[in-house]
Protein chains: 2
Amino acid sequence: MQQTNRAPVITNKDFFIRKITREILSGKWNPGDKLPSEREFASELGMGKTVVHSAFEKLASMGLVDIKPQSGIYVADYMKTGNIETLNAIVQLNGNELSKEVTTGILDLRLAIEGMAFRALAQCRSEEDIAYLRSVTEDIRKCSRGIGLEELAERFFVWHREICILSGKNILTLFMNTTHDVSIAFWVNYLRMYGTSFAIDRLERFIDLIEARDGGGAYNLLAEGIEDYLERLEEQTL
Amino acid sequence: MQQTNRAPVITNKDFFIRKITREILSGKWNPGDKLPSEREFASELGMGKTVVHSAFEKLASMGLVDIKPQSGIYVADYMKTGNIETLNAIVQLNGNELSKEVTTGILDLRLAIEGMAFRALAQCRSEEDIAYLRSVTEDIRKCSRGIGLEELAERFFVWHREICILSGKNILTLFMNTTHDVSIAFWVNYLRMYGTSFAIDRLERFIDLIEARDGGGAYNLLAEGIEDYLERLEEQTL
DNA sequence: ATAACTAAGCTGGTCGGACCAGTAAACCCT
DNA sequence: AGGGTTTACTGGTCCGACCAGCTTAGTTAT
């Protein structure tokens, strides 16, 4: 039996990153606080300074700490100066549960990004584009029962990213990828709420509209879908 | 004489990151190509493997390479799988010059993000918010002659980010920060094109509209400004 | 007593070499 | 020629020593 599973080994570095992330997001440290030095953490937790340093580099790129060379490491005002990676960290800590506020924000952005892509693609689409999208969609339908929800969410993300790629607007693709992690969390939620077959049917309706060069129609379908999702979410929380 | 200038010291890590970035973006390596091993780079350039490894971690987060553990490091298909950091790298390599396509994409996104923020803030703004925005704007006007264009661009970025912060929609702030680098490149261009005083006047018009709780008006002002900018850009390139 | 200067002790950052756990290709035996 | 084993090589982790610059405590000169 071949074991292709990724090792669930928690390295010192990962452990440390999670520990500090949790402590900062839970409010144990406050923005502006000066953290103990890398050396103190290293000796206290029995690991090398390089490991601690490398972990702090990651935490800085996540927008959770500010590193001031030759001075110290300070907790960042992450809600002010954070970026998408900060959001990813917050979402992960909440067990991939998205708050309503985050969901709304993400969906509005998605509407802006994908709406543009839909319009552009509807204008420039070739026969090959349509055939390719249909084959990808068929693939998703085929394997939809055999794979986990998270993997299926990834497929949906890739499908929508494909729209951006085919539209020829490279920037949209790059933005789309930036929202990858939170998008996955969203799709898992979506698929749980509407069911797989309903979601796949929608993909096919999108393709039909693009084939008919009806960019506005595709945009509206997307907008309606988002609106309906937010309404359902509203009902759910009541 | 005190030297407060940030050290222009190029570390081995930075040097290596730039070198590989340049080589990949210039097409010396193509997507899918397998790069030499970390050890080869390290010994060839006379630096430690830790440094090379750390640099490749950064390059991976920039979306320029795919690291396959126990196998090798491969050049990524960065236009497909890249993110905003990839865009930053591309913009930086071009000397902060933005292509028309990138500019259009960025501005559409900004309209989506800031438009939302303007509407929200117009509804919930307090007297303190208005007073604060006015004081920030006054600060910009005061120091506008004494500082460089890039620093001024940073001030404009912070002003618009402040709109997101005050609107209470945290997600918008995080998205806004994500576009920081390309936004700065945009603002430098904008200030060069319209002049400083015109740009500051516009900030004050925004404040007036928010004070009057006219979110739609602020949105329109933003939309018109963007439209005009793109038209000018069009003329310029002809 | 106060101001200015100096030196020591911090800080993050770099570095190279050792070790680990997997991959993948070369190898040998059948 | 085919199949199983070995071995070289990969990225990933970790350590402890070293570096340069900031900060502060200490000292000296005014």
**Asked** Looking at B:T11, does any N or O in its side chain come under 4.0 Å of the phosphate oxygens OP1/OP2 on C:dG13?
**Response** no
**Request:** Measure from the side-chain heavy atoms of A:I67 and tell me the nearest of D:dG21, C:dG13, C:dT23.
**Result:** C:dG13
**Atom-to-atom span, NZ of A:K13 to P of C:dC19 - whole angstrom** = 22 Å
**Item:** Side chain of A:R39 - closest among C:dG13, C:dC19, D:dC14
**Value:** C:dG13
**Asked** The side chain of B:P69 lies closest to which of these nucleotides: D:dC14, D:dG12, C:dT11?
**Response** D:dG12
**Prompt:** Out of curiosity, B:L87 CG to B:T178 OG1, how far, rounded to the nearest 0.5 Å?
**Reply:** 12.0 Å
**Prompt:** Do the side-chain N or O atoms of A:H53 get closer than 4.0 angstrom to the phosphate oxygens (OP1, OP2) of C:dG13?
**Reply:** yes
**Qualifying salt bridge (charged side-chain N to carboxylate O under 4.0 Å, His left out) pairs, either residue in residues 59-78 of chain A, two or more places apart** = none
**Nearest-nucleotide 5' precedence on DNA chain C, B:Y74 against A:G72** = A:G72
**Message:** Nearest whole Å is fine: how far is C:dG13 P from B:D14 CG?
**Reply:** 11 Å
**Request:** Round to a whole Å and report the spacing from CG of B:D66 to C1' of D:dG11.
**Result:** 14 Å
**Prompt:** For residues A:E101 and A:S99, is any side-chain donor paired with an opposing acceptor at under 3.5 Å?
**Reply:** no
**Item:** Polar side-chain atom of B:S167 near backbone of B:A120 as donor-acceptor pair, under 3.5 Å
**Value:** no
**Prompt:** Partners of B:Y194 by ring-ring contact (aromatic ring centres under 6.0 Å, His included), sequence neighbours excluded?
**Reply:** B:Y190, B:F198
**Request:** Whole angstrom is fine here: how far is it from CZ in B:F56 over to P in D:dG11?
**Result:** 8 Å
**Complete:** Pairs under 3.5 Å (Watson-Crick or G-U), crossing ones as [ ], inter-strand ones as |: DNA chain C comes out as ||||||||||||||||||||||||||||||
**Asked** Between C:dT23, D:dC14, C:dC15, which nucleotide has the shortest distance from any of its atoms to the side chain of A:N12?
**Response** D:dC14
**Asked** Taking atom P of C:dT11 as reference, at what distance in whole Å does atom CZ of A:F41 sit?
**Response** 12 Å
**Nucleotide of D:dA17, D:dG12, C:dA24 approaching A:K49 most closely (side-chain heavy atoms)** = D:dA17
**Message:** Would the distance check show the side chain of B:S54 and the main-chain N or O of B:T50 forming a donor-acceptor pair, the cut-off being under 3.5 Å?
**Reply:** no
**Atom-to-atom span, CZ of A:F15 to C1' of D:dT13 - whole angstrom** = 16 Å
**Request:** Starting at atom NZ of A:K68, determine the distance to atom C1' of D:dC22, rounded to an integer number of angstrom.
**Result:** 13 Å
**Item:** Distance, rounded to the nearest Å, where A:L45 contributes CG and D:dC14 contributes P
**Value:** 12 Å
**Prompt:** Under 3.5 Å, side chain of A:H180 to main-chain N/O of A:M176, donor-acceptor pair present?
**Reply:** no
**Message:** Just N and O in the side chain of B:S37: are any of them under 4.0 Å from OP1 or OP2 of D:dC9?
**Reply:** no
**Prompt:** Would one find more than 12 heavy atoms of other residues, nucleotides or ligands at under 6.0 Å from atom NZ of B:K49?
**Reply:** yes
**5' priority, DNA chain D, between B:L35 and B:T50 [closest heavy atom]** = B:L35
